[in-house]
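Small disclaimer: the values here were computed from a predicted structure and weren't measured.
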Amino acid sequence: MSNSDSTVIGVIFLIRHGDRQGFYQNPTNYNPANTVITPLGLGEEFITGEYLRNVYLNASSPSFIQGINSTIADPNQITVVADAAGEGGVIMNSAEALLQGFFPPNANYSTTLANGTIVEAPLGGYQVSFESALAENDVSLEGWTSCAPFDKATSEFYQSAEFNQTAQDNADFFTNLPQYLDGRSDVNLENMWNIFDYMNVNYIHNATFRSKLPPTLLPQARNLAAFHEYGVFTSPQLDGIGNIGFRTMLPGIFQGLSSITNSSDPLKIYYNAIAYKSFFTLFRMTGAVDQSPQLTGLVNYAASVSIEIRQPSSGGEPVLRLQFKNGTEEDAQTTFNWFNTSGDIPVSTFTNYLAPVAINSTADWCTVCSNTQDRGCGAIAAAASQAAIADQVHQPISPVGAGFLGAGLALFVALCMLGTLFFIGVLSLGQRKGRTRHNQRSSTQSSDVRA
């Protein structure tokens with residue numbers, strides 16, 4: 001289906017953060033160290049935002065989103081959720097920079113006070129609004145953290161014949177590399193992500209390192225890191241634990257699709273600001289890698305997936321189109337096929353295929369990850385235990401006394417459960433669970449590919 005055969009009614013964005021300083025991850029459980037974004041990274045995100053604005057918010061573009069306010073960001077038309085976990089403020093900072101390119105400052109972004117004073121937002125009409133997903137009680141954007149079955153699958157991958165053969169095939173590389181890495185002793189395939197990240201960050205920011213590194217080593221390191229991360233963050237089975245990073249994202253995406261395709265709902269854009277990991281999972285779960293093997297690579301900084309929701313000119317069910325732009329080095333998005341077909345797919349094809357494996361709540365995640373303590377699971381387990389106690393209480397007293405006791409106990413248990421669930425964010429008042437809203441100047445803080 002060509003652009004002339006359909007119009008864009010909304011977009012789901014999945015966008016990687018920009019360039020940052022070094023980022024260490026424990027290779028056995030992916031517990032992260034902190035890092036910070038760089039001016040280069042902020043610039044990459046801003047450029048990506050400008051590009052996406054030209055595609056989707058330019059009235060003369062064939063992909064202009066119908067009905068969107070393209071000058072002043074309408075919070076009813078755009079939802080932005082940024083991962084606030086693994087890489088500290090890097091992803092939130094990236095989302096903020098991208099939004100400034102996507103919705104640049106506008107002098108009309110102002111308000112009139114009761115006394116008649118007109119107040120313009122700072123910096124010429126700066127406009128930003130997004131939510132942060134906190135790892136402590138929101139599993140949506142980092143489903144693999146504190147997940148024992150995921151850690152077990154990672155260990156099994158390291159022990160697999162494929163992994164060991166790859167290590168043997170690249171033995172000379174691992175033997176030769178330490179001399180360029182200050183003699184570090186942890187140069188092996190299991191630690192490949194950290195080795196590559198160290199090399200890549202220094203190649204970008206350290207002139208001495210860049211001048212001494214032989215030209216073939218960084219591309220080889222990148223390919224091995226991609227092999228490593230693809231093996232960790234995907235599974236051949238749709239419901240496999242390696243796919244958990246995208247499985248936890250699916251409920252939000254489904255809600256975005258439902259809202260965008262509902263003509264009475266104002267939502268036009270649903271944007272997740274994320275790390276590189278879930279790109280592997282998205283491309284494998286949707287079958288995009290089967291038709292385009294280059295998508296098994298490690299995506300660049302500021303890489304962007306745009307899932308366009310399109311209304312065919314002939315009417316009928318809206319369709320989805322997969323667009324991918326691998327960072328700022330590529331001039332334009334490329335359309336990729338998925339779901340073992342060519343061209344656009346009906347929304348129902350996407351949802352019906354993926355809905356059975358979606359992880360729809362923190363409680364579901366706790367079950368899948370066999371976790372009874374972390375990320376809200378302890379409080380959920382406590383609430384369930386309290387409910388079980390209430391069901392089991394039986395006292396040999398009169399029916400009238402039992403009625404009073406039962407009512408009092410039920411009220412007590414209900415209050416305990418509600419208090420627990422409100423505390424962990426499973427229930428909330430006027431706010432999505434586990435997320436913090438950032439408005440204006442928040443004080444908190446995506447062939448050949450380059451991380």
Side-chain angles (χ1 to χ4, degrees), residues 8 10-20 36-58 61 63-65 68-84 87-111 120-134 140-141 249 252-253 256 259-260 266-275 301-308 323 325 327-328 333 432 435-446:
V8 177
V11 183
I12 306 290
F13 289 132
L14 309 175
I15 304 175
R16 190 189 177 191
H17 59 79
D19 177 81
R20 42 132 180 87
V36 295
I37 200 163
T38 65
L40 173 62
L42 293 172
E44 290 168 335
E45 293 293 314
F46 185 81
I47 291 170
T48 298
E50 286 187 316
Y51 170 80
L52 295 174
R53 176 176 177 80
N54 190 54
V55 173
Y56 295 111
L57 301 185
N58 179 355
S61 168
S63 298
F64 176 70
I65 300 173
I68 195 167
N69 185 336
S70 60
T71 56
I72 304 297
D74 182 347
N76 295 311
Q77 292 189 325
I78 179 169
T79 294
V80 182
V81 184
D83 184 0
E87 291 170 87
V90 166
I91 298 176
M92 290 188 291
N93 294 152
S94 295
E96 189 174 24
L98 183 138
L99 288 169
Q100 287 310 295
F102 196 59
F103 277 105
N106 190 299
N108 292 323
Y109 186 48
S110 61
T111 186
E120 179 185 300
L123 303 177
Y126 179 96
Q127 45 181 339
V128 162
S129 179
F130 65 93
E131 298 173 355
S132 57
L134 304 172
S140 61
L141 300 186
M249 292 174 64
I253 293 173
S259 295
I260 291 169
L267 190 69
K268 299 293 182 182
I269 292 172
Y270 179 80
Y271 163 27
N272 279 167
I274 57 175
Y301 290 133
S304 60
V305 161
S306 303
I307 301 176
E308 298 175 353
Q323 305 274 23
K325 184 174 182 291
T328 57
Q333 295 183 138
R432 290 179 175 83
R435 295 179 184 168
T436 301
R437 189 79 180 179
H438 303 267
N439 296 296
Q440 300 300 323
R441 294 294 295 178
S442 171
S443 60
T444 62
Q445 338 265 248
S446 350

Problem set entry | Side-chain donor-acceptor pair present, Asp19, Thr38, cut-off under 3.5 Å | yes
Problem set entry | Met249 and Ile274: CA distance, side-chain angles, deciding distance, side chain to side chain contact (heavy atoms under 4.5 Å, CB included) verdict | CA-CA 10 Å; Met249 292 174 64; Ile274 57 175; 4.2 Å; yes
Do [X] and [Y] come close enough that some side-chain heavy atom pair is under 4.5 Å?
| X | Y | result |
| --- | --- | --- |
| Lys268 | Asn69 | no |
| Tyr51 | Thr328 | no |
| Ile269 | Tyr56 | no |
| Thr71 | Asn108 | no |
| Gln333 | Ser63 | no |
| Tyr270 | Ser259 | no |
| Val11 | Leu52 | no |
| Asn93 | Val36 | no |

If I compare all heavy atoms of [X] with all of [Y], which pair ends up nearest, and what's the gap?
| X | Y | value |
| --- | --- | --- |
| Gly101 | Arg53 | O-CD, 3.6 Å |
| Glu45 | Ala97 | CB-CB, 3.9 Å |
| Ala82 | Met92 | CB-CG, 3.9 Å |
| Phe103 | Leu57 | CZ-CD1, 3.8 Å |
| Ala95 | Ala273 | CB-CB, 3.9 Å |

Quick check against the 3.5 Å criterion: does [X] have a side-chain atom that pairs as donor or acceptor with the backbone of [Y]?
| X | Y | answer |
| --- | --- | --- |
| Arg20 | Ile91 | no |
| Gln100 | Gln127 | yes |
| Glu308 | Gly10 | no |

To the nearest 0.5 Å, what is the distance between [atom1] ([X]) and [atom2] ([Y])?
| X | Y | atom1 | atom2 | answer |
| --- | --- | --- | --- | --- |
| Arg16 | Glu87 | CZ | CD | 7.0 Å |
| Ile260 | Ile12 | CD1 | CD1 | 4.0 Å |
| Ser61 | Asn54 | OG | CG | 6.5 Å |
| Ile15 | Leu99 | CD1 | CG | 8.5 Å |
| Phe13 | Asn272 | CZ | CG | 12.0 Å |
| Thr79 | Tyr271 | OG1 | OH | 13.0 Å |

For this session: Would you please classify the geometry between the Tyr301 ring and the His17 ring as parallel, tilted or perpendicular, with 30° and 60° separating the classes?
Result: tilted
For this session: Step by step, work out the side chain to side chain contact (heavy atoms under 4.5 Å, CB included) result for Ile78 and Ile68.
Result: CA-CA 9 Å; Ile78 179 169; Ile68 195 167; over 6 Å; no
